[in-house]
2 protein chains.
Amino acid sequence: MTQRAAAIPALAEAFREHGYEGASLARLCAATGLGKGSLYNFFPGGKEEMAAAVLADVHAWFTGSVFEPLRKAEAGDPGAIGAMFDAVTVYFRSGRRVCLQGAFALGRERDLFAATIAGYFDRWIAALAEALHATGHGGPAARLAAVETVAAIQGAIVLSRALDNPEVFQQVIDQTRTRIGATGTRTASPHS
Amino acid sequence: MTQRAAAIPALAEAFREHGYEGASLARLCAATGLGKGSLYNFFPGGKEEMAAAVLADVHAWFTGSVFEPLRKAEAGDPGAIGAMFDAVTVYFRSGRRVCLQGAFALGRERDLFAATIAGYFDRWIAALAEALHATGHGGPAARLAAVETVAAIQGAIVLSRALDNPEVFQQVIDQTRTRIGATGTRTASPHS
DNA sequence: GTCTATACAGTGATAGAC
DNA sequence: GTCTATCACTGTATAGAC
C-alpha cells in the first residue's frame with residue numbers, strides 16, 4: 001500500500017513528460033525503478049489504472065493545497081486568492097511543468113478520463129468562484145471571472161511552453177491577478 | 001504536388017484527433033485514403049515530415065487569414081481585432097477543435113518542432129501587438145495585452161474541452177474581446 | 001505512383017520461477 | 001512481491017510487384 005503510493009509521483013512525472021501514449025511501460029518502469037510485475041501487482045488495471053491513480057493524486061493535492069484554502073476567503077481572508085496564484089506558480093514551475101488534466105483534455109486520453117478531468121476543473125472553478133463572490137464580485141460575475149482565470153492559467157502554461165519562456169507565464173499570471181484584485185506576492189524578479 | 005497538398009488537411013485532422021504519437025500510420029492512411037507507399041512517396045521523411053507539413057500549412061492559413069488582416073488595424077480599421085476573434089472562434093469550432101501547435105507544445109512533440117511552434121506564436125503575438133498599438137494601447141502594454149489574449153484563447157480551448165462545454169470557450173473569448181475593446185460580433189446565442 | 005508483403009523493434013499484458 | 005521470459009499485437013519503415 002505505501003509502496004504503491006510511493007510510486008505515484010514518479011508515474012506522474014513520466015506521464016507529464018511523455019503524455020499518456022508516449023509513457024510506455026518501459027519508461028514507467030524506469031521512472032519508478034520497479035519491474036513490470038511489480039507495477040501490475042500494484043495496478044492490476046495496467047497503464048490506465050496508473051494514470052487514473054495519478055490524476056486522483058493530483059486532484060487530492062489541489063483539494064488540500066488550493067481548493068480548500070480558497071474557502072478561507074469566505075471567512076474574510078482577502079489573501080486567499082493571491083495564495084492560489086502563488087501555489088499554482090510553484091506547482092507548475094512557471095509553466096515548465098505541464099498540467100496533466102489540461103494536457104489530457106487536448107488528446108484522446110480525454111475519452112478515458114472525461115469525468116475525472118471535468119470534475120477537477122469543476123471543483124477548481126467552483127472554489128474560486130466562491131472566493132471571488134466573498135471578496136465582492138457579484139454572483140454571475142464571480143463565476144465568469146473564475147472561468148476566465150482558470151483558462152488564463154491553462155493558457156499561460158501552453159504559451160510559456162510553446163515559447164519556451166517562463167516569463168510569459170509570470171506575465172499572464174500577474175496580469176490576471178491584478179485584474180481580479182488579488183493581494184499577495186507579485187513576482188519582482190521573473191527569473192526561475 | 002497537388003496530390004500531396006490535398007492530403008494535408010486529412011493528415012491535420014488525424015493529428016488533431018489522436019495527437020502525434022496516437023496518429024499511427026494506419027490511421028493516417030485511413031484518413032487520407034492513401035496507402036503507406038503513397039504517403040512515403042509524398043513525405044519521404046515519414047510521420048515527422050507529415051506533421052511538419054501540417055504545421056506549416058496551419059501557419060500559412062493563419063498568416064493569410066489572421067496575421068495579415070490584423071495588420072489592417074494599422075491602416076485605421078478598428079474592427080480588425082474583432083475579426084480575429086471571429087476567425088479563431090470559427091477555426092477552433094468554439095473549442096471543439098484543438099490548436100495543433102498548442103497541443104504539441106504540451107507534449108514531447110515540442111522537442112521535434114520547437115522552432116516551428118515558437119515561430120507560430122511569435123508571429124501571432126507580434127501581429128496582435130501591432131494592431132493593439134494602432135488602436136491606442138501603449139507600446140509595452142500592447143505586447144502584454146497580446147500575450148494575455150493569445151494565452152486566453154489557448155486556455156479557452158483547453159478548458160472548454162476539459163468541461164466538454166463550448167459555452168465556456170465563448171465566455172472566455174467574449175470577456176477577452178470586450179476587455180481589450182475590440183469591436184465585431186459578440187455571440188448572441190452561444191450554441192453551436 | 002500506388003499497392004501488397006514484409007522486416008523488425010517496440011507495445012501492453014500475462015505466466016511462472018524464485 | 002519481484003523478477004525474467006514470453007505472448008500476441010501494433011508501431012514505423014522499407015522493398016518490390018504491378
Side-chain angles (χ1 to χ4, degrees), chain A residues 1-57 100 103-104 106-114 116, chain B residues 1-57 100 103-104 106-114 116:
Chain A
M1 258 307 175
T2 178
Q3 269 267 60
R4 185 193 133 116
I8 290 180
L11 292 174
E13 280 311 303
F15 280 119
R16 259 187 263 269
E17 285 184 27
H18 305 283
Y20 182 73
E21 310 222 44
S24 66
L25 277 172
R27 276 199 262 249
L28 296 174
C29 287
T32 56
L34 300 172
K36 294 185 191 181
S38 304
L39 279 182
Y40 271 88
N41 182 40
F42 293 136
F43 308 94
K47 201 164 92 162
E48 185 173 335
E49 185 175 342
M50 299 181 209
V54 165
L55 290 177
D57 186 64
L100 212 55
F104 279 13
L106 288 184
R108 206 137 195 80
E109 310 89 329
R110 186 186 63 153
D111 299 340
L112 282 174
F113 308 108
T116 302
Chain B
M1 256 307 174
T2 179
Q3 269 268 60
R4 185 192 132 119
I8 291 181
L11 293 173
E13 281 310 304
F15 281 120
R16 260 187 263 268
E17 285 183 27
H18 305 283
Y20 183 74
E21 310 222 44
S24 66
L25 276 173
R27 275 199 261 250
L28 296 174
C29 287
T32 57
L34 300 173
K36 296 184 191 179
S38 304
L39 279 181
Y40 271 89
N41 182 39
F42 294 137
F43 308 95
K47 201 163 92 162
E48 185 173 335
E49 186 175 341
M50 299 181 210
V54 166
L55 290 177
D57 186 65
L100 212 56
F104 280 12
L106 290 183
R108 205 142 197 76
E109 309 90 330
R110 187 186 62 152
D111 300 341
L112 283 174
F113 309 107
T116 301

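The figures here come from the full heavy-atom set of this structure, side chains too, leaving out hydrogens, waters and symmetry mates. Values in this document were obtained by computation on a predicted structure and should not be read as measured data. Below, chains carry the letters A, B, ... as their sequence lines are ordered, and counting in each starts from 1.
Put simply, CZ on A/Phe15 is 12 Å from C1' on C/dG12, counting in whole angstrom units. Note: CG (A/Leu39) to P (C/dA15) measures 17 Å, nearest angstrom.
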Practice problem: Treat primed atoms plus P, OP1 and OP2 as sugar-phosphate and everything else as base, then score nucleotides 6-11 of chain C 5' to 3': B for base contact with protein heavy atoms under 4.0 Å, S for sugar-phosphate contact only, - for none. | Solution: -----S

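Shown here are the salt bridge (charged side-chain N to carboxylate O under 4.0 Å, His left out) partners of A/Arg108, two or more places apart in sequence or in another chain: A/Asp111. With sequence neighbours excluded, the residues that form a side chain to side chain contact (heavy atoms under 4.5 Å, CB included) with A/Ser38 are A/Leu34. Considering only residues two or more places apart in sequence or on other chains, A/Lys47 meets the side chain to side chain contact (heavy atoms under 4.5 Å, CB included) condition with A/Phe15, A/Tyr20, A/Leu28. In terms of the side chain to side chain donor-acceptor pair (under 3.5 Å) criterion, B/Glu17 has no residue partners (sequence neighbours excluded). By the side chain to side chain contact (heavy atoms under 4.5 Å, CB included) test, A/Tyr40 is found to be paired with A/Leu25, residues two or more places apart in sequence or in another chain being considered. In this view, A/Glu49 and A/Arg4 satisfy the salt bridge (charged side-chain N to carboxylate O under 4.0 Å, His left out) rule, not counting sequence neighbours. Under the side chain to side chain donor-acceptor pair (under 3.5 Å) criterion, A/Glu13 pairs with A/Arg16, A/Arg97, not counting sequence neighbours.
Within the 4.5 Å cutoff, the side chain of B/Leu106 has no heavy atoms near those of the A/Phe104 side chain.
Each end of the helix from C/dG1-D/dC18 to C/dC18-D/dG1 yields a helix axis from five base pairs, and these two axes differ in direction by 10° (to the nearest 10 degrees).
Using a 4.0 Å heavy-atom cutoff across all strands shown, A/Gly46 reaches sugar-phosphate atoms only and no base atom. When heavy atoms are screened at a 4.0 angstrom cut-off, A/Gly37 is found touching base atoms of the nucleic acid.
Interface limits on DNA chain D: the 5'-most and 3'-most nucleotides within less than 4.0 Å of chain B heavy atoms are D/dG11 to D/dT14.
Evaluation of the salt bridge (Lys or Arg N to Asp or Glu O under 4.0 Å) test over residues 18-45 of chain B, restricted to residues two or more places apart or in two chains, returns none.
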Side-chain donor-acceptor pairs under 3.5 Å in residues 50-57 of chain A, sequence neighbours left out?
none

